[in-house]
Amino acid sequence: MSHFDESDAFEEAAGLSLSARAMAARPAPYLDGLNAPQREAVEALNGPVLMLAGAGTGKTKALTTRIAHLLNTGTARPNEILAVTFTNKAAREMKNRVWKLLGQTVEGMPWLGTFHAIGVKLLRRHAELVGLKSNFTILDTDDTVRLLKQLILAANIDEKRWPPRMLSSIIDSWKNRAWTPDKVPAEEANAFNQRGIELYHLYQRRLLELNAVDFGDLLLHVLTIFQKHEDVLAQYQRWFRYILVDEYQDTNVAQYMWLRLLAQGHKNICCVGDDDQSIYGWRGAEVGNILRFEKDFPGATVIRLEQNYRSTPHILGAASGVIEGNKGRLGKTLFTELDEGEKVRLIGHWDGEEEARWIGEEIEAMQGGTRGLDPVDLDGMAILVRASHQMRAFEDRFLTIGLPYRVIGGPRFYERMEIRDAMAYFRVACSPDDDLAFERIVNTPKRGAGDKAQQTMQRIARGNGVSLLEGARIAVAQGELSGKAKGEIGKLVDFFDRWHVHALDKSYNHVELAEIMLDESGYTEMWQLDKTPEAAGRLENLKELVKALDQFENLQGFLEHVALIMDNETEGEGSKVSIMTLHAAKGLEFPSVFLPGWEDGLFPSQRSMDESGVKGLEEERRLAYVGITRAEALCTISFAANRRTYGQWQSAMPSRFIDELPEDHVDVLTPPGLYGGGYGAAAPTVEARAAEANVYNSPGWKRLQQRQSRRPMSQPQESGNTVIDLDAISAFTQGDRVFHQKFGYGYVMGIEGDKLDIEFEKAGAKKVISKFIVSAERADDVPF
DNA sequence: CGCTGCATGCTTTTT
DNA sequence: GCATGCAGCG
C-alpha cells in the first residue's frame, strides 16, 4: 500500500551520497556572481545564520546558492538538508534553481518543501504516536467547516452565535500558537470561549475517529511527537544536519518551536527573512520570531542584504518613505545602482469603474511604449489589489475592451464545487470510511436522500460504530429508507464496493476508474442535463481533472497532492496582464505595477485596523511596501473617491499611505478630461471634480488629513466593544444641513452609528462617515 | 423531498 | 450585489 510515494527518503540517501561525494571539492563558479554579503551568507555553512534580506536583494539566489554550496563541497548530502518554504511555488523554484546551479546531478532533495508538505511526510511515518493511522485524510477548510457545523448543532449551540467559520478560524489560530485543546491558556477561556474550547476538544476527538487531520494538525501533531518522544526527535536531529528556512518572518509559533527543536543539537540553521515584508500576522505569523533568533541562538551570524537589484531609486525611495512610518523595525537601508528612472505616479479617480477604465488605457498605451519608455509586454504588467473583490472591476473592464488578463489566486480549481464533488467520490473509493466525503456526495446527484434519510444513516452508523457507508448499507438492508432513496442508495453502496476493489486491485488504471466512477454514479450526467450556463464549464473542468490524474501513479497519490497543493498554475499561453492580491504578489516582480484602491478603509483595511489597532495598521503598511517594491521600472498608485460596496455607493478618503509617500519620488498626474459626460444624470458636480483633481495637493485635504491623524482611529480597541465616537454622534441630527468636502451641501436623512445618510444637493444620496462631514455653518472652516 | 422565493450578511489576506 | 440559507409550498 503506497499512500505516499516517498519510498524511504533516508534509505535513498545511500545512492545519492555517491554523487554528492563525487562533486566534492569541485570548483564553485556559482560563487562569482554574488556580492560580498551574499557570498558571506553562502559560505557561513556552520552555526546559526540570520539573513535579513530586503526586497529584491537576491535572497532566493543566496539561499539556493547556499544549498548548492553545501552539496558541492560535500558538506551535506541532499537528504540531510531540511529546507522549508511557505508556498509550493517557492519550493518548486528553489528546486529548479539548485538544479541549475549544479547541473542535473542532484536527483532529489526529499526534504525541500513547504512546512505542511514536510509535516505530512513526518506524520505519515509516526501517525500511530498521536492515535492516527498512517493513511489519514487531510481535510481542507471546507471539510473542516462542515464538520464543525455538525458538532455545533449536535452540542445544541446556536449556529448564529457560533458560526462554524468563525470557530474554525479560532481553532486554527490556537493551533498556530501550538495550543492543543488542554493547553489553551486560561485567559482565552473567557465566558465566550469556554464553549469554543469544549468544541475544540470535541473536534479533535472527532478528527481522530475519522482518521483525519486539518492543516494545523500537520504541524501540531508533529510538534507533539517531537515533544513527547525524545528518541524520534533525536533521530531527526541527527538526520537533518542542515536546516534552511525561507520567509522566516512568516513563521508562526508552532513552526518556530518545530524548527528550534530540530536545530537544538547542531544549530546549523539558516533563516532568511525580512521583517518589513511580514504580512501574515493574521494567520499567526510572529515577526517576533526574527527578533528572538539571536536570543535563542546566541552567537548567530547576522547578515544584511541591502543592495536592491530590482527597482529604480524613485520606486525604492517611495517604498522606504512609507515603511519608515513603522516602529520597531530591524532597519535596513536599501540602495541600488540603477538609474533614477520614473517617479511613482499617483492619480485620483471619480469612482472605481473609472479607475479600471484608466488603467486599461494605460496598459494599452504601455504596450506600445509611452512617455519615452520602452514598450512593456503584458506579462510584465500587474495590478495588485488589497482585497479580491476589487478584481471584479478590472475583469469587467478588460473583458469589454478585450485585454487579455490572468487572475492569480482567484477561485481555485480544486475548490470548485464539481471538482470537490468528484474528488469526494475518489476519496470514498480509496478510503470507504471517509465519512465527510461520503456525506458530500450521498445525495449528489439527487438520490432521494434528503435530511431524513441522511439522519437515519448517521444514526445507524453511530449506533453500530461503523462508517457512514456501512450505515447506509445496513439502512438499505433493514428497509429503513423510503422508496426512491432505498433503491438509489443501495445502488450507490454496491458501486462503491466495486470501485473500492478496483482501486485496490488495479484491474483498471486509475484514470479509467475515475471516468467510470463519474459516469456510473450519474455525476457527469447530472451536469449534462443541467441547462444553466455554468454547466458546460463544469464538465470542462471535470475533463481537466481526469486529465490531471494521468500524471499520478494512483488515486491516493493524486488526492494527497491535491490536499496540499491547492495552487493552480494556469500557465495560459499568450501574454496577459496579471491581476492578484498584494499577498499573492509577494516574491514576484514586474516592470510595471498598478496599485489601485488606495483609500482609507479599503487600504489600509478598516477591519484590520479595528481588530488589531496599530499592529494592524503597520501590517497594512508593510503590504504597501511589498506592493511598491514589486515594481522594477514603473509604479502607478491610484485611488477613487467613490466605490460601490455591498451594492451601495460609498465615498472614501485617499489612503493615509498616500500622504506618506515622499513628494520627491512622486509624480501627481492630473486626471485627463474624462468627465465630459457619459456618466448619465448623476454627472459629477463642478465642486466634486475640482476636489477630486486637487485632492492630493489641496491644503484643505492636508489639514483634514492631519486632523484625522490626531483622532484615535487607529488605537487598539477592546474586541467586541466598539468605541463610539461621541464627537461624531452628538454632532448631527436628522435634517441638519451639512457640508462634505467632495459632495458639497446636503441634508442628513438618517444616522446609522457613525455613518450618515445624506441627500446631497448636487451629488445625490450618499452614505458618508460622519467624521468627513461638517455642519453647513462651519463649512468655511474647511477650505477646498 | 425538493424547489422556489425571500431575507440576510458579507469582503481582507491563505498553507 | 451576490451568494448562501431558510421557510413555505407543491
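Within every chain, numbering begins at 1; the chains are lettered A, B, ... in the order of the sequence lines, protein sequences first and strands thereafter.
The side-chain ring of A:Phe115 is not stacked on the base of B:dT15, judged by centre separation under 5.5 angstrom and plane angle under 30 degrees.
For A:Lys149, taking side-chain heavy atoms from C-beta onward, the closest of the listed nucleotides C:dG1, C:dG5, B:dT14 is C:dG5. Closest contact between the side chain of A:Phe215 and the listed nucleotides C:dG1, B:dT15, B:dT13 involves B:dT15. Across B:dT11, B:dT15, B:dT13, the shortest atom-to-atom separation from the side chain of A:His389 is found for B:dT11. Comparing B:dT14, C:dG5, B:dT15 against the side chain of A:Thr114 picks out B:dT15 as the nearest. Side-chain proximity of A:Ala584 to the nucleotides C:dG1, C:dG5, B:dT14 is greatest for B:dT14.
Taking atom CG on A:Asp610 and atom P on B:dT11, their separation rounds to 15 Å, with Å as the unit. In this structure, CH2 of A:Trp282 is placed 13 Å from C1' of B:dT11, rounded to the nearest angstrom. In this structure, A:Tyr646 atom OH and B:dA7 atom C1' are separated by 17 Å, rounded to whole Å. As a whole-Å value, the separation of A:Glu619 CD from B:dT14 C1' is 13 Å. If you measure from atom CZ of A:Arg643 to atom P of B:dC10, you get 21 Å, rounded to the nearest angstrom. As rounded to whole Å, 10 Å separates atom P of B:dC10 from atom CE of A:Met166. In this structure, CD of A:Gln648 is placed 17 Å from P of B:dT11, rounded to the nearest angstrom. Spacing between atom CG of A:Asp142 and atom P of C:dA3 amounts to 16 Å, rounded to whole angstrom units.
Separation of the C1' atoms belonging to C:dC6 and B:dT11 is 23 Å when rounded to the nearest angstrom.
Each of A:Lys446 and A:His116 was assigned the nucleotide of DNA chain B with the nearest heavy atom; the assignment lying further toward the 5' end belongs to A:Lys446. The nearest heavy atom of DNA chain B to A:Ala453 and to A:Thr645 marks one nucleotide each, and the one closer to the 5' end goes with A:Ala453.
With respect to the salt-bridge test (charged N to carboxylate O, under 4.0 angstrom), the residues A:Asp275 and A:Arg622 do not qualify. Using a 4.0 Å cut-off between charged side-chain N and carboxylate O, A:Glu560 and A:Arg124 make a salt bridge.
Note on A:Asn443: a side-chain N or O is less than 4.0 Å away from OP1 or OP2 of B:dG2. Phosphate proximity of B:dT13 to A:Arg283: absent, as no side-chain N or O sits under 4.0 Å from OP1 or OP2. Look at A:Ser605 and you won't find any side-chain N or O under 4.0 angstrom from OP1 or OP2 of B:dT13. Between A:Arg392 and C:dG1 there is no side-chain N or O to OP1 or OP2 distance below 4.0 Å.
Looking only at atom types and distance, the side chain of A:Tyr523 has a donor-acceptor partner in the side chain of A:Asp421 under 3.5 Å away.
Between A:Trp282 and A:His583, the two ring planes are perpendicular [angle over 60°; tilted spans 30° to 60°]. The aromatic rings of A:Phe226 and A:Trp258 lie tilted to each other, with the angle between the two planes from 30° to 60°.
Within the 4.0 angstrom heavy-atom criterion, no nucleotide atom of any strand lies near A:Arg165.
Ring centers of A:Phe394 and A:Tyr405: at least 6.0 Å apart, outside the cut-off.
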